[in-house]
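Below is one structure; the comments refer to it alone.
Source: prediction; values computed, not measured. In what follows, every chain begins at residue 1, and chains take the letters A, B, ... in the order their sequences are listed.
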Number of protein chains: 2
Amino acid sequence: MRHKIAVTVDCAVFGLDQDGLKILLIKRGIAPFKGRWALPGGFVRRESVEEAARRELKEETGLDGVFLEQLYTFGSVDRDPRQHTVTVAWYALTHIAAVQAATDASSAAWFAEDELPKLAFDHQAIFDVARERLRGKVRYRPIGFELLPKRFTLTELQRLYEVVLGRDLDKRNFRKKVLAMDFLVDTGELERNVPRRPARLYRFDRRKYRALERGGFEMWV
Amino acid sequence: MRHKIAVTVDCAVFGLDQDGLKILLIKRGIAPFKGRWALPGGFVRRESVEEAARRELKEETGLDGVFLEQLYTFGSVDRDPRQHTVTVAWYALTHIAAVQAATDASSAAWFAEDELPKLAFDHQAIFDVARERLRGKVRYRPIGFELLPKRFTLTELQRLYEVVLGRDLDKRNFRKKVLAMDFLVDTGELERNVPRRPARLYRFDRRKYRALERGGFEMWV
DNA sequence: TCAAAAGTGTTCCGCTTACACCCATGC
DNA sequence: GCATGGGTGTAAGCGGAACACTTTTGA
């Protein structure tokens, strides 16, 4: 007779607003860790682990169709007090607005990445790995766009990179580099109603990016 | 009542010999896929997933204390015909000699990476991901040394990189770069009994590497 | 007219790349 | 003495980093 192990998924969902990088947490309604904040997630059913992650995200936060990548699988024997539970952790990127619209304002909330409450299970460790993965990945894959609205200014894009990487970037060099690899398209539109010179709005062109990707390309911020 | 899922581990073990990159396979003695070659692995017991991977490696191949990193977790519903099974896949690097010594010569064997037999389950897909991970990781972390004997010549090191990356490298540039980041130590010894000018033997200095690593360093071949 | 951010080029340096010949050994 | 790989330096070009001022808008 075989040792039984439960399988769950957990998602570290990142968003970006004026104040910086945010993460989406759920307040647990049941034991264990009732009342504690936790990463959205739950048990895997008769479905693939990715399907489970997307289903739980939708059920608990209303999010659908977001950028989602597998992060790491956490399998210490004692990470769940109830039973031996292995969790497949994921990280997701989205616009904060997508959640505000979708959530029933109930138990989900955004927290600044450096002001997380005490989390259930080993979710703090999962978050730490996710944060590090995001920092690393953003430098060689243009996944950051998932955090921005469809149209954005170059300054917004730069701020995103500064927040994720945790250091300041040079404005001129940033623009030069980011425009050089041409998957950014000038929409021709400008910001409206800003008390300063309005900035051009750009969008990320996935088609162009895919093309470059095949040509083998590496560079980034 | 909850849907039951089995949890396994599988390891893609890489080795290097004169002919190139090799991978270690096990011939399955039981159904399903009885008689087929497969990655070493098995069910997780009352232990962490990493402990399970190391235990299975030791039981099935005799390998102990090898370099081992988590790769990806495969969780399609139908990847195991018996039942819903999620597998946490790992990749390992070792000297081929370590296995020849340890194995009871029974059911484990090395295969050239480009001449694999038909594998059990979705192990071919796991291998493909592992191969790609190795190619990527070797460029920014000095994990390749795990494949070489303790003392090696620069030509052996270069061949390793050429095999893993799948392209030729310039001898002078390679030596310049690899010696520049100084975690390679000249042991002062030379090859013996070669029908040509004997090469110097170097070793990888983990201490020095850790020091560099903290200083934030990136470059590689 | 003021405040605030947008937008824009050049120089310097270091790394990457390309490239060819002499050397030490075993047989 | 011959075959085999070991070992070495330089020049050119490219990409990354540093750096300051003018422009446009709303109030």
Proximity to DNA chain D (any heavy atom under 4.0 Å), residues of residues 192-199 of chain A only: Val194(A), Pro195(A), Arg196(A), Arg197(A), Pro198(A)
Length of the CD-P vector between Glu162(B) and dG5(D), whole Å: 14 Å
By ring-ring contact (aromatic ring centres under 6.0 Å, His included) - contacts of Phe127(B) (at least two apart): none
Under 3.5 Å side-chain donor-acceptor pair for Thr155(A) and Arg175(A): yes
Arg167(B) CZ to dA18(C) P, straight-line distance once rounded to whole Å: 10 Å
Ring centroid separation Phe152(B) to Phe145(B) under 6.0 Å: yes
Any donor-acceptor pair under 3.5 Å from Gln70(A) side chain to Thr73(B) backbone: yes
N or O in side chain of Arg175(A) less than 4.0 angstrom from dT8(C) OP1/OP2: no
Polar side-chain contact Lys171(A)-dG7(C) base: donor and acceptor under 3.5 Å: yes
Distance, rounded to the nearest Å, where Phe174(B) contributes CZ and dC19(C) contributes C1': 18 Å
Nearest-angstrom distance from the residue atom CD of Gln158(A) to P of dG7(C): 12 Å
Glu191(B) (side chain) donor-acceptor with Ala199(B) (main chain) under 3.5 angstrom: yes
What does the list of N/O pairs under 3.5 Å between the protein and nucleotides 10-13 of chain D look like, with a distance for each?
{"from": "dT10(D)", "atom 1": "O4", "to": "Lys176(B)", "atom 2": "NZ", "distance (Å)": "2.8"}

Between dA20(D) (C1') and Asp170(A) (CG): distance, integer Å: 11 Å
Interatomic spacing from CZ in Arg151(B) to OG1 in Thr187(B) - rounded to 0.5 Å: 6.0 Å
N/O donor-acceptor pair under 3.5 Å between Gln124(B) side chain and Lys118(B) backbone: no
Ring geometry between Phe183(A) and Phe204(A) (parallel below 30°, tilted from 30 to 60°, perpendicular above 60°): perpendicular
Integer-rounded Å distance: dT23(D) P and Leu190(A) CG: 18 Å
Residue-phosphate contact under 4.0 Å: Thr155(B) side-chain N/O, dG5(D) OP1/OP2: no
Gap between atoms CD and P, on Glu156(B) and dG7(D) respectively (whole Å): 11 Å
d(CZ, Arg172(A); P, dC21(D)) in whole Å: 10 Å
Donor-acceptor under 3.5 Å (Gln158(B) side chain, Leu169(B) main chain): yes
